[in-house]
Amino acid sequence: MLIKPNAVKNGFAHEIFLMVHNHGFKILAQKKLQLSEREAQAFYRVHAGKPFFQGLVEFMTSGPIYAAVLEKENAVAEWRTLMGATDPAKAAEGTVRKKYAESVQHNAVHGSDSDENALNEIFFFFSAREIVNAGGDIYQLHDILKNEQ
Ligand code: IDP
Ligand code: MG
């Protein structure tokens, strides 16, 4: 998951991590960083060509973000539920986006949309060494994926 620049700027990162923790996720690893333009373009490459792409890249590079690896049974779906709908106007009560998103673009947090993408996104931000040193099992991550195929 990512905490996007608007939420970090507004000082909500700690509260968001607290929500994550209180909903039974283990925060396996986390770091604060600022994306370069190339990095943001690469991270959001599936959206390249969409009308909001350039704005999204500008927004995501506009300030520091947090990247975190969350662990829980069914983590992808569980985090997407807690995160809420992309458009905060449609996000359910009690979700992160309902609470902290300002608009469709400035929607406070990112979540992976499949285990396969989660693995790719984890390794976009963290090295295998960092995951191992945080107590994570990268081989388990690969196994989860293999079992789905
Ligand atoms: P998701 O973050 O809920 O998975 P996606 O459709 O994958 O939503 O879009 C990625 C990100 O692109 C969104 O979180 C949001 O920041 C931005 N975005 C998506 N649709 C729009 C739009 O119509 N206008 C502006 N920004 C958008
Ligand atoms: Mg998405």
Side-chain angles (χ1 to χ4, degrees), residues 1-127 130-131 136 138 140-142 144-149:
M1 67 85 98
L2 303 177
I3 303 182
K4 296 185 179 184
N6 66 315
V8 175
K9 242 175 231 151
N10 292 333
F12 296 139
H14 182 69
E15 286 176 40
I16 292 171
F17 277 129
L18 212 55
M19 270 180 93
V20 167
H21 172 81
N22 289 339
H23 280 80
F25 293 87
K26 185 174 170 198
I27 300 164
L28 200 54
Q30 59 129 309
K31 61 170 69 167
K32 193 178 187 184
L33 68 135
Q34 187 157 352
L35 286 172
S36 70
E37 191 176 348
R38 276 171 188 263
E39 287 170 338
Q41 285 169 343
F43 184 77
Y44 278 117
R45 66 198 175 286
V46 294
H47 297 298
K50 292 186 187 164
F52 61 83
F53 182 66
Q54 189 50 35
L56 179 61
V57 168
E58 276 166 31
F59 165 56
M60 288 302 292
T61 57
S62 67
I65 62 168
Y66 280 92
V69 181
L70 305 186
E71 186 179 293
K72 192 181 185 182
E73 192 69 35
N74 226 344
V76 167
E78 289 285 307
W79 169 238
R80 290 203 73 89
T81 300
L82 179 59
M83 182 166 74
T86 309
D87 179 352
K90 294 176 188 149
E93 213 54 59
T95 61
V96 176
R97 281 169 165 168
K98 179 74 181 182
K99 269 184 126 161
Y100 300 112
E102 297 165 298
S103 65
V104 179
Q105 184 184 72
H106 294 181
N107 60 0
V109 284
H110 167 84
S112 309
D113 60 10
S114 67
D115 283 354
E116 187 181 1
N117 284 336
L119 199 62
N120 289 332
E121 292 180 357
I122 287 167
F123 287 115
F124 190 90
F125 288 101
F126 297 89
S127 69
E130 287 174 302
I131 302 294
I138 51 164
Q140 185 195 9
L141 291 175
H142 285 291
I144 288 169
L145 211 55
K146 252 187 274 162
N147 291 336
E148 282 187 352
Q149 284 163 356

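Both counts, for ligands and for their atoms, begin at 1 and track the order of listing.
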Pairwise side-chain contact, Lys50 with Leu56, heavy-atom cut-off 4.5 Å (strictly under):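 The answer is no; the side chains never approach within 4.5 Å.
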
Within 6.0 angstrom of Lys9 NZ, more than 12 heavy atoms from elsewhere: yes

His47 NE2: over 12 foreign heavy atoms closer than 6.0 Å: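 Yes, enclosed.
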
What protein heavy atom lies closest to [atom]? Include the residue and the distance to one decimal.
atom: atom 2 (O) of ligand 1; value: Arg97 NH2, 3.0 Å
atom: atom 23 (O) of ligand 1; value: Phe52 CD2, 3.9 Å
atom: atom 13 (C) of ligand 1; value: Asn107 ND2, 3.6 Å
atom: atom 3 (O) of ligand 1; value: Thr86 OG1, 2.5 Å
atom: atom 4 (O) of ligand 1; value: Arg80 NH2, 2.9 Å

Min heavy-atom dist Lys50 to ligand 1 below 4.0 Å: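 It does not, in that no heavy atom of Lys50 comes within the 4.0 Å cut-off of ligand 1.
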
Result of checking Phe17, Phe125, Phe12 against Tyr66 for ring-ring contact (aromatic ring centres under 6.0 Å, His included): Phe17

Closest to atom 17 (C) of ligand 1 (judged by heavy-atom distance), picking from Asn117, Asp87, Asp113, Leu56: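 Among Asn117, Asp87, Asp113, Leu56, the closest heavy atom to atom 17 (C) of ligand 1 belongs to Leu56.
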
Proximal atoms of ligand 1 relative to Gln105 (non-hydrogen, under 4.0 Å): 16 (O), 25 (C), 26 (N)

Ligand 1 versus Met60: contacting region, heavy-atom distance under 4.0 Å: neither

Proximity to ligand 1 by part of Val104, non-hydrogen separation under 4.0 Å: both

Cation-pi, Phe126 ring and Lys31 (6.0 angstrom, 45 degrees):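 That pair qualifies as a cation-pi contact.
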
Mutual orientation of the aromatic rings belonging to Phe43 and His110 [parallel < 30°, tilted 30-60°, perpendicular > 60°]: perpendicular

Point-to-point distance, once rounded to the nearest 0.5 Å, from CZ of Arg97 to CG of Asn107: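 Going from the CZ atom of Arg97 to the CG atom of Asn107 covers 4.0 Å.
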
Do any nitrogen or oxygen atoms of [X] come within less than 3.5 Å of a nitrogen or oxygen of ligand 1?
X: His106; value: no
X: Lys4; value: yes
X: His47; value: yes

Option among Asp113, Asp115, Asn117 that satisfies the side-chain contact (heavy atoms from CB on, under 4.5 Å) test with Val76: Asp115

Glu15 bridged to Lys99 by N-O distance under 4.0 Å: no

